[in-house]
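Contents: one structure, followed by commentary.
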Amino acid sequence: MAIRIAEQAGRTDVGRQRSANEDTLVLSPPFFGVADGMGGARAGEVASALAAGVFDEVGPTDEPPEAELTGILKEANRRIYELAASDEAHRGMGTTLTAAKVVGDEVSLGHVGDSRAYLLRDGRLEQLTRDHSLVAELERTGQITAEAAENHPQRSIITRALGPESSVEVDTYTITGRDGDIFLICSDGLTGMVGDEELGALLRAPTSLEETAEELVRAANQSGGRDNITVVLFRLGDDGVEAEEGDSGGEEAAADAEDTIAGTMRAEDVQAAAADQATEVPQPTAPPPPAPRGRAAVAERLAGAAPDSTVVRPPERARAPEARPRRRGARARGLARLVVALVLLAGVGAGLYALSRQVYFVATNDGGLVTVYRGIPYELPFGIDLYKQEYASGVPARAIPASRRSHVLDHSWRSRADAVDLARQVERGRLDPGSGG
């Protein structure tokens with residue numbers, strides 16, 4: 001079975017602590033990618049846009065995907081480097097770029113910087129790329145632990161990017177795709193705020209990729225949103241080519257060769273039906289005709305759709321007075337359904353509001369501080385929040401040990417006493433082993 005791109009989605013958000021968005025996404029199948037610019041708002045966003053723009057110029061090629069991606073990233077590097085060298089306003093600008101190309105059942109990646117690509121397969125999340133950052137290098141060489149890397153003050157220092165140098169080394173990878181694989185490409189504005197455990201949980205949720213992308217951005221913002229947040233998602237699926245060829249390939253090919261109007265009607269059927277209508281003579285006293293077949297059936301459908309047709313209809317269909325009560329009844333039933341739906345919606349809203357007055361949860365505020373909220377962590381349409389800040393601690397979420405962070409900030413519903421006690425433990429740096437569960 002061949003593999004195809006079954007679903008895709010992309011989102012980019014400025015975050016909660018930046019005034020401009022320096023990220024750019026690529027959502028142009030078979031290419032997908034994320035570029036995270038650096039060098040200030042007017043330089044970083046230019047660098048990322050230059051990098052993403054190279055994909056718009058790519059034409060058909062016989063190059064292997066990894067070689068093609070390498071060429072694209074190196075061309076992006078050349079353009080950014082030359083602009084930075086010739087324009088003082090863009091001096092020192094650069095960008096990360098992580099990109100994918102889907103060819104057949106293979107997904108190839110080209111990567112420079114600390115944006116990332118992930119694969120969710122059979123419920124298991126795997127990071128496919130290696131960060132080109134100082135902290136990642138220290139962790140890979142064993143100089144610091146993974147927990148220390150989570151809160152290292154130099155996490156933002158990257159060791160490889162497009163633009164700062166005249167040449168760049170590109171990492172490439174190729175993965176054989178499977179039906180159901182979900183690929184995530186994202187900037188560090190997501191991964192700096194949301195751990196892999198929570199990423200996996202959000203990607204496993206039985207929602208559309210559009211909804212998943214929204215949830216990923218929301219989670220990063222709820223954890224502080226310190227940087228721009230960009231996510232690109234695509235899911236692979238079985239295109240079912242073999243089944244179509246084996247079962248009814250010949251019949252479908254014949255059907256495609258004919259002009260189709262709607263349902264099973266074809267252009268020649270409509271023409272024949274029109275000819276039948278032109279030659280028929282009304283016979284009011286004739287007995288009802290037998291059930292129509294073939295082209296006569298098409299004419300009968302046209303008669304039902306066009307009241308002025310000359311085709312004879314059975315007497316019981318021609319009685320207009322019988323149709324009026326049915327239409328009024330249909331309108332009444334539709335109105336009744338609408339009323340019931342509104343009553344149910346009002347009941348659900350009232351129930352959620354009542355619940356929001358009784359429970360509490362722990363999350364982060366706009367400044368990334370551990371905060372107790374009253375209510376439930378949901379938003380209704382029209383910007384209505386079902387929660388309100390109750391108490392903000394002075395502890396940033398990043399100060400919580402990585403092994404405990406996801407449990408503390410899991411938005412579990414609690415009593416006020418439990419939520420406040422958990423925040424106090426965070427402030428004292430004395431989290432109980434069972435806290436947050």
Side-chain angles (χ1 to χ4, degrees), residues 12-26 31 33-57 69-99 109-117 129-141 143-144 149 151-172 185-193 220 224-232 368 398:
T12 186
D13 188 87
V14 69
R16 293 186 170 179
Q17 298 187 27
R18 297 292 180 93
S19 59
N21 193 344
E22 299 177 61
D23 290 359
T24 305
L25 59 82
V26 176
F31 292 107
V34 168
D36 180 358
M38 61 185 187
R42 285 181 297 177
E45 63 187 49
V46 170
S48 66
L50 277 175
V54 179
F55 291 92
D56 296 333
E57 304 171 16
L69 288 168
T70 297
I72 290 171
L73 269 68
K74 288 190 173 184
E75 173 62 18
N77 183 77
R78 182 189 68 78
R79 296 183 186 187
I80 297 168
Y81 177 79
E82 289 182 355
L83 178 58
S86 63
D87 186 350
E88 184 66 31
H90 297 112
R91 190 65 52 86
M93 73 176 178
T95 185
T96 71
L97 181 56
T98 301
L109 300 170
H111 168 67
V112 171
D114 63 350
S115 295
R116 292 180 180 177
T129 53
R130 290 161 47 114
D131 293 353
H132 299 140
S133 68
L134 175 62
V135 170
E137 295 293 343
L138 293 174
E139 183 182 349
R140 279 195 289 269
T141 56
Q143 298 181 54
I144 61 173
N151 303 297
H152 200 284
Q154 296 177 316
R155 284 189 64 189
S156 61
I157 298 178
I158 61 176
T159 57
R160 199 187 305 180
L162 301 181
E165 305 290 340
S166 59
S167 62
V168 67
E169 181 182 353
V170 179
D171 289 353
T172 57
I185 305 175
C186 60
S187 63
D188 68 333
L190 175 67
T191 54
M193 296 286 96
R226 292 197 302 267
D227 200 352
N228 306 145
I229 308 152
T230 301
V231 301
V232 167
R398 64 179 181 272

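The first residue of the sequence shown is numbered 1, and numbering continues consecutively from there. It should be emphasised that the depicted structure is a prediction, and the values quoted were computed from it without experimental measurement.
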Closest heavy-atom pair and its distance - [X], [Y]:
X	Y	answer
D227	G189	CB-CA, 3.9 Å
L190	A220	CD1-CB, 4.1 Å
A161	M38	CB-CE, 3.4 Å
T129	L109	CG2-CD1, 4.4 Å
G94	P164	CA-CD, 4.3 Å
L162	A76	CD1-CB, 4.0 Å

Do side-chain atoms of T96 reach the backbone of D36 as a donor and acceptor pair under 3.5 angstrom? yes

Between S48 (side chain) and T95 (backbone), is there a donor-acceptor pair under 3.5 Å? no

Distance check, rounded to the nearest 0.5 Å: [X] atom [atom1] versus [Y] atom [atom2]?
X	Y	atom1	atom2	result
T230	I185	OG1	CD1	11.5 Å
L73	H111	CG	NE2	10.0 Å
N228	Q17	CG	CD	11.0 Å
I157	E137	CD1	CD	12.5 Å

Suppose we screen for side chain to side chain donor-acceptor pair (under 3.5 Å). Which residues come up paired with R130, at least two apart in sequence or across chains? none

Contacts of type side-chain contact (heavy atoms from CB on, under 4.5 Å), residue T191, not counting sequence neighbours: R116, Y118, C186, D188, L199

Do other residues, nucleotides or ligands put more than 12 heavy atoms under 6.0 Å from the OH atom of Y81? no

Applying the side chain to side chain donor-acceptor pair (under 3.5 Å) test to S187, which of T12, T98, D23, T24 qualifies? D23

Do the charged groups of R79 and E57 touch, with an N to O distance under 4.0 Å? yes

Do any side-chain atoms of residues 165-172 form donor-acceptor pairs under 3.5 angstrom with protein atoms, and if so which ones, sequence neighbours left out?
{"unit_1": "D171", "atom_1": "OD1", "unit_2": "R160", "atom_2": "NH1", "d": "3.0"}
{"unit_1": "D171", "atom_1": "OD2", "unit_2": "H132", "atom_2": "NE2", "d": "2.6"}
{"unit_1": "T172", "atom_1": "OG1", "unit_2": "E66", "atom_2": "OE1", "d": "2.9"}

Considering only heavy atoms from C-beta outward, does the side chain of [X] approach that of [Y] to under 4.5 Å?
X	Y	result
S133	E139	no
I144	V135	yes
L50	M93	yes

Could you walk me through whether M193 and I229 satisfy the side-chain contact (heavy atoms from CB on, under 4.5 Å) test, starting with their C-alpha distance in whole Å, then the side-chain angles of each, then the deciding distance to 0.1 Å, before giving a yes or no? CA-CA 9 Å; M193 296 286 96; I229 308 152; 5.9 Å; no

